[in-house]
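Residues take their numbers from the sequence shown, with the count starting at 1.
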Amino acid sequence: MEVSNCVARLRQGRQETQEELALSVGVTRQTIISIEKGRYMPSISLALKLAKHFKVSVEDIFKLQ
């Protein structure tokens with residue numbers, strides 16, 4: 001089972017850089033790049049931080065394929 005995400009789309013919709021998002025949620029830019037490319041599955045804690053940052057639910061960001 002795979003998980004897709006829309007982090008890049010949400011970030012770009014806010015005209016935010018990967019660096020700005022990384023600073024906001026307390027990770028490196030490389031972590032954001034890896035999440036956006038689907039190479040890294042964030043921890044529950046980080047997924048919740050991303051959801052809070054974008055003001056959406058975790059389920060709105062991460063979808064089972």
Side-chain angles (χ1 to χ4, degrees):
M1 193 176 312
E2 290 185 36
V3 177
S4 65
N5 74 74
C6 61
V7 173
R9 184 176 51 81
L10 290 168
R11 177 182 58 75
Q12 291 164 353
R14 293 172 60 132
Q15 297 182 332
E16 224 172 8
T17 66
Q18 291 168 332
E19 184 68 27
E20 289 168 334
L21 176 56
L23 288 171
S24 178
V25 297
V27 297
T28 65
R29 180 175 163 266
Q30 188 59 45
T31 299
I32 298 300
I33 291 168
S34 293
I35 292 169
E36 288 183 356
K37 291 186 176 189
R39 292 187 296 205
Y40 175 73
M41 176 58 74
S43 65
I44 293 171
S45 174
L46 179 52
L48 289 169
K49 287 179 186 178
L50 289 165
K52 183 176 179 182
H53 176 84
F54 291 121
K55 297 180 175 70
V56 298
S57 70
V58 171
E59 292 85 0
D60 289 337
I61 300 174
F62 300 96
K63 308 269 190 215
L64 288 176
Q65 297 293 315

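The CD1 atom of Ile35 sits 9.5 Å away from the CD1 atom of Ile61 when rounded to the nearest 0.5 Å.
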### Query
So Val25 and Phe54, side-chain contact (heavy atoms from CB on, under 4.5 Å) or not? Walk me through it.
CA-CA 11 Å; Val25 297; Phe54 291 121; over 6 Å; no

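Under the side chain to side chain donor-acceptor pair (under 3.5 Å) criterion, Gln65 pairs with Ser4, sequence neighbours left out. Among residues two or more places apart in sequence or in another chain, the side-chain contact (heavy atoms from CB on, under 4.5 Å) test is passed with Gln12 by Ala8. Residues satisfying the side chain to side chain donor-acceptor pair (under 3.5 Å) test with Ser34, not counting sequence neighbours, are none.
Cluster membership check: Val27 shares its hydrophobic cluster with Phe62, using side-chain heavy-atom separations under 4.5 Å among Ile, Leu, Val, Met, Phe, Trp and Tyr. Under a hydrophobic clustering in which Ile, Leu, Val, Met, Phe, Trp and Tyr are joined whenever their side-chain heavy atoms come within less than 4.5 Å, directly or via other members, Val56 and Val58 fall into the same cluster.
The side-chain heavy atoms of Val7 and Leu10, taken from C-beta on, include no pair separated by under 4.5 Å.
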Would you give me the side-chain donor-acceptor pairs under 3.5 Å for residues 43-51, sequence neighbours excluded?
unit_1 : atom_1 : unit_2 : atom_2 : d
Ser43  : OG     : Leu46  : N      : 3.1

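Pairs of residues two or more places apart, or lying in two chains, that qualify as salt bridge (Lys or Arg N to Asp or Glu O under 4.0 Å) and include a residue from residues 16-40 are Arg11-Glu36, Arg14-Glu16. Screening residues 54-64 for salt bridge (Lys or Arg N to Asp or Glu O under 4.0 Å) gives no qualifying pairs among residues at least two apart or on separate chains.
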